[in-house]
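In what follows, every chain begins at residue 1, and chains take the letters A, B, ... in the order their sequences are listed.
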Amino acid sequence: MRIFDPHVHMSSRTTDDYQAMYDAGVRAVVEPAFWQGQPRTSVGSFVDYFDSLLGWEPFRAAQFGIRHHCTIALNPKEANDPRCADVLEVLPRYLVKDGVVAVGEVGYDSMTPEEDEAFAAQLALAVEFELPVLVHTPHRDKAEGTKRTLDVVRESGIAPELVVVDHLNELTVGMVADSGCWMGFSIYPDTKMDEARMVVLLREHGTARMLVNSAADWGRSDPLKTVKTGRAMLDAGFTADDVDRVLWRNPVEFYGRSGRLELSDVDIDPTAGFQGSSVRRGQG
Amino acid sequence: MSDWKSEALRRIAADPAAIRELFPVVRRRCGAGAAADVRAELLAALPATALAEEVAGLYRYGDPAEKRAVLAALSALPVGDAGLPLVREALRTNDTTLVAAALGPYALARLDPAAYRQAVLKCVFMGIPLAEIGTVRVDGELRGMLRSFADERSAAGRPVPADVVTILAGEA
């Protein structure tokens, strides 16, 4: 099973996680820019974070044979802090980087006017920089937030096939399926969505435009939820090709629209041990 | 010369700030193989009046490949000591590719001796082969530091890098 986790916050995870992910078949990840638990209070914190997403984290991932890309944005929660909102002016410098495969996470947290403004501005940046967009949907008032999200996406003029609307569940998947946007699902230990429910949704809606992620971060989460969903799919009668489509080909197709995915030298044979030497340097 | 590159060089000569959007996309426009050389050419096209500011900004906002290109170009650019803060920042990282790039001819010529010795020792510590650095200046003090490093490794039952063994073998 080859796995591309299209949404995982590896900066919050340990080297043991990287090893376990590699052993389970994970060969590529996308780390979206988001909040960090502890609120940021300045643009400088964002800039250092973006540097980490483009520099240190890919370096760390490479030591474990995993290709790391990222998305860049001002997240919806911190769009509400005037000390952070100016980061919008810095984003163009980052949206041109080789490792940036989408604008994100953007969207709504509490659906404030400030969030409206940041969301619309960043959809416009995605159009300008010809990048896909990763849209977060709110954890509270999710159905209303998702509906409003789709309205804003429609008004922006961006092509729906360049947008993934994430953290969906049984109540929000239908409207996103109808919109033509991609559907993202974060499989969590307790909240959001679990493997069994995901399998049911894949049966009902098919495997096209479906992205399954672990969204693992600094909270209780599990970076192996992608592979566990793959196993649940096989147990439920899906074929290995279905699993490969959902867990590898779909994220490659979606983020590949950036023209910046670099997977050419990724070792996708899960039986081969990672033997790279040069990237393993620096552990002395 | 590629159309993209000649147009980029023309734009930078006319408006140095244009390098901010051109420098990051070189790899996608010119290919991975040519990227380092093309980035060096773009830096060389900067007028002297804008050089220090743009070089510092490209490093500040650069991804690792851009940062390495800036570090590698420093010795060929008329920046005086203005590149030293970038070299020192790179040497503080744990990214072996940045540390190696920081310790090129520019650092050899301009870094103060104490910082230079620490940088070479850090390379050895991180497992970066000194052959990747090019010319390395080993004075008596650095030799003593490398001897201590080798003793520590041996005490821990860990191997001493071959290039350190070679340097220390030349001691007598």
Given heavy-atom pairs under 4.5 angstrom as the criterion, report whether the side chain, backbone, both or neither of A/Tyr94 touches chain B.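 The side chain, not the backbone.
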
A/Asp51 versus chain B, the contacting section by heavy-atom distance below 4.5 Å: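 The answer is the side chain of A/Asp51.
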
For atom [atom1] of [X], is the number of surrounding heavy atoms from other residues, nucleotides or ligands below 6.0 Å larger than 12?
X        : atom1 : result
A/Glu161 : CD    : yes
B/Glu7   : CD    : yes
B/Arg29  : CZ    : no
A/Glu130 : CD    : no

Value rounded to 0.5 Å, distance of CZ in A/Arg93 from CZ in B/Arg20: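 A/Arg93 atom CZ to B/Arg20 atom CZ measures 5.5 Å (nearest 0.5 Å).
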
Could you measure the distance from the CG atom of B/Asp63 to the CZ atom of A/Phe50? Nearest 0.5 Å is fine.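 Rounded to the nearest 0.5 Å, the CG-CZ separation comes out at 14.5 Å.
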
So [Y] and [X], do their side chains get closer than 4.5 Å, heavy atoms only?
X       : Y       : result
B/Tyr61 : A/Val47 : yes
A/Asp98 : B/Glu66 : no
A/Phe59 : B/Thr96 : yes
A/Leu54 : B/Lys67 : no

Side chain to side chain contact (heavy atoms under 4.5 Å, CB included) between B/Asn94 and A/Arg60: does it pass, once the steps are laid out? CA-CA 10 Å; B/Asn94 285 317; A/Arg60 231 162 64 94; over 6 Å; no

Quick one: closest heavy-atom pair of A/Gly55 and B/Pro64, and the distance?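 In this case the closest contact between A/Gly55 and B/Pro64 is CA-CG, 3.4 Å.
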
Toward chain A, the part of B/Leu58 with a non-hydrogen atom under 4.5 Å: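 For B/Leu58, the contact with chain A is made by backbone and side chain together.
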
Evaluate the salt bridge (Lys or Arg N to Asp or Glu O under 4.0 Å) criterion for residues A/Asp48 and B/Arg60: first the C-alpha distance (whole Å), next the side-chain angles of each, then the deciding distance (0.1 Å), finally the verdict. CA-CA 10 Å; A/Asp48 289 340; B/Arg60 176 71 190 90; 3.1 Å; yes

Tell me if a side-chain donor or acceptor on B/Arg27 pairs with a main-chain N or O of A/Lys97 at a distance below 3.5 Å.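 No; zero donor-acceptor contacts below 3.5 Å.
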
